[in-house]
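Step one of this worksheet: look at the structure below.
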2 protein chains.
Amino acid sequence: MKSVAPIPGRPVRGSSTGRPIMAALDLFGRRGLLRILWELRGEAPLTFRALASAAELPPGTLNVRLKELKAAGLLVTEAGYGLTPMGRDLLAALEPLVLWSEAWAKAVPPADA
Amino acid sequence: MKSVAPIPGRPVRGSSTGRPIMAALDLFGRRGLLRILWELRGEAPLTFRALASAAELPPGTLNVRLKELKAAGLLVTEAGYGLTPMGRDLLAALEPLVLWSEAWAKAVPPADA
DNA sequence: CGTCATTGCTATGAAAAGTGTAGCGCCCAT
DNA sequence: ATGGGCGCTACACTTTTCATAGCAATGACG
């Protein structure tokens, strides 16, 4: 675990420009990260273990992601793990995506076994 | 490289429900995938090599992602690689995220060296 | 006090995914 | 036929992720 958390304004994995969208895309491309955000959508903070269980992530990975999210200013620890206002904004910005995924589900052939 | 592409309607990595949003979150969590989408935002299709260069991905990884995107019905190959209407919809759904990332960039402390 | 449950989190070893480079076979223009 | 671009594969290596075990701390209960 040695790569650093992507922060806008400086180089990130896969892009040397540091443009905000690049930092964001790098951040989101980390496994389970979006899922964690998603599971944190409720009002009440979650415990480490509850989060691990909800997001179906092993503790090691979860812990790395939590650090990245904290570094990105999207997460705080107070009576468990919860989102910052910025984190909540992100969640809101993700809303169209939820809609899209439903349309997608209808459009993609079941591709059954 | 053996995990299958996430398709809504059946179990994906990190979720056994197959709910659309879970399939989407799994898909997006794959390194470089969102970036590829992003680089494909122009009207003209890109060649494999142009895409590899733009997305800064090695050919092996790129090829895996392309297969996943095709399986998800978001990508087609015709005179290069381009997005399907569904893929374009996704890109549109990603738009708020671009806005968010800019606000984020302003809010996150430069965290300079 | 002991003990029991639950907490956040670290350790470990193995498997999977991603990286960077080289280069193949193909096609087309010269 | 030589040179260039193409899509893509092969290789050997590094990084990431996984699953499980388990530890130190905390708080309740008796």
Side-chain angles (χ1 to χ4, degrees), chain A residues 1-6 11-16 22-23 25-40 42 44-72 74-83, chain B residues 1-6 11-16 22-23 25-40 42 44-72 74-83:
Chain A
M1 277 100 172
K2 62 177 48 153
S3 75
V4 284
V12 293
R13 285 190 316 191
S15 173
S16 51
M22 291 306 172
L25 293 183
D26 177 10
L27 187 61
F28 303 156
R30 296 173 185 217
R31 168 136 351 141
L33 192 138
L34 285 172
R35 177 68 178 277
I36 292 174
L37 241 16
W38 179 254
E39 299 300 341
L40 249 19
L46 293 184
T47 66
F48 185 94
R49 280 159 121 109
L51 195 45
S53 160
E56 297 174 62
L57 286 174
T61 304
L62 175 59
N63 202 28
V64 171
R65 292 294 167 270
L66 291 177
K67 278 174 187 151
E68 291 167 351
L69 284 167
K70 271 182 210 165
L74 307 177
L75 185 97
V76 277
T77 335
E78 54 178 49
Y81 292 95
L83 298 178
Chain B
M1 278 101 171
K2 64 172 49 148
S3 75
V4 284
V12 293
R13 286 189 315 189
S15 174
S16 50
M22 292 306 174
L25 293 182
D26 176 11
L27 187 61
F28 303 155
R30 296 175 184 216
R31 180 125 74 222
L33 192 139
L34 285 172
R35 177 67 179 277
I36 292 173
L37 242 16
W38 179 253
E39 299 300 343
L40 250 18
L46 293 185
T47 67
F48 185 94
R49 281 156 121 111
L51 195 45
S53 160
E56 297 175 60
L57 286 174
T61 304
L62 175 59
N63 202 28
V64 171
R65 292 293 166 272
L66 291 177
K67 278 174 187 151
E68 292 167 350
L69 284 167
K70 271 182 211 165
L74 306 178
L75 184 97
V76 277
T77 335
E78 53 176 53
Y81 292 95
L83 298 178

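It should be emphasised that the depicted structure is a prediction, and the values quoted were computed from it without experimental measurement. Numbers restart at 1 for each chain; the letters A, B, ... are given by sequence-line order, proteins then strands. Heavy-atom basis, side chains included; hydrogens, waters and symmetry copies ignored.
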Within less than 4.0 Å of OP1 or OP2 of [N], is there a side-chain N or O belonging to [X]?
X: B:Arg65; N: C:dG18; value: yes
X: A:Asn63; N: C:dG8; value: no
X: B:Thr61; N: C:dT19; value: yes

Restricting to non-hydrogen atoms, name the atom on [X] and the atom on [Y] that form the minimum distance, rounded to 0.1 Å.
X: B:Leu46; Y: B:Glu39; result: CD1-O, 3.6 Å
X: A:Glu78; Y: A:Pro45; result: O-CG, 4.0 Å
X: A:Leu25; Y: B:Leu34; result: CD2-CB, 3.8 Å

From the options [options], select the nucleotide whose nearest atom is closest to the side chain of [X].
X: A:Pro59; options: C:dT10, D:dT17, D:dT16; value: C:dT10
X: A:Thr47; options: C:dT10, C:dG8, D:dT9; value: C:dG8
X: B:Leu57; options: D:dA21, D:dG22, C:dT19; value: C:dT19

Write down the distance between [atom1] ([X]) and [atom2] ([N]), rounded to a whole number of angstrom.
X: B:Leu66; N: D:dG7; atom1: CG; atom2: C1'; value: 10 Å
X: B:Leu75; N: D:dG7; atom1: CG; atom2: P; value: 13 Å
X: A:Leu62; N: C:dT7; atom1: CG; atom2: P; value: 14 Å
X: B:Lys67; N: D:dT9; atom1: NZ; atom2: C1'; value: 9 Å
X: A:Phe48; N: C:dT10; atom1: CZ; atom2: P; value: 8 Å
X: A:Leu33; N: D:dT17; atom1: CG; atom2: P; value: 10 Å
X: B:Arg30; N: D:dT17; atom1: CZ; atom2: P; value: 13 Å
X: A:Arg49; N: D:dC23; atom1: CZ; atom2: P; value: 13 Å

- So what does B:Arg31 hit on the nucleic acid, given a heavy-atom distance under 4.0 Å: a base, only sugar-phosphate, or nothing?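 Sugar-phosphate, backbone atoms only, no base.
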- Decide yes or no for A:Arg35 and A:Arg65: does some side-chain heavy atom of the first lie under 4.5 Å from some side-chain heavy atom of the second?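 A side-chain contact under 4.5 Å is absent here.
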- Task: Please lay out, stage by stage, how A:Leu66 and A:Thr77 fare under the test side chain to side chain contact (heavy atoms under 4.5 Å, CB included).
- Result: CA-CA 10 Å; A:Leu66 291 177; A:Thr77 335; over 6 Å; no
- First of B:Ala50 and A:Pro58 reached from the 5' end of DNA chain D, by closest nucleotide: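 Closest to the 5' end, via its nearest nucleotide, is B:Ala50.
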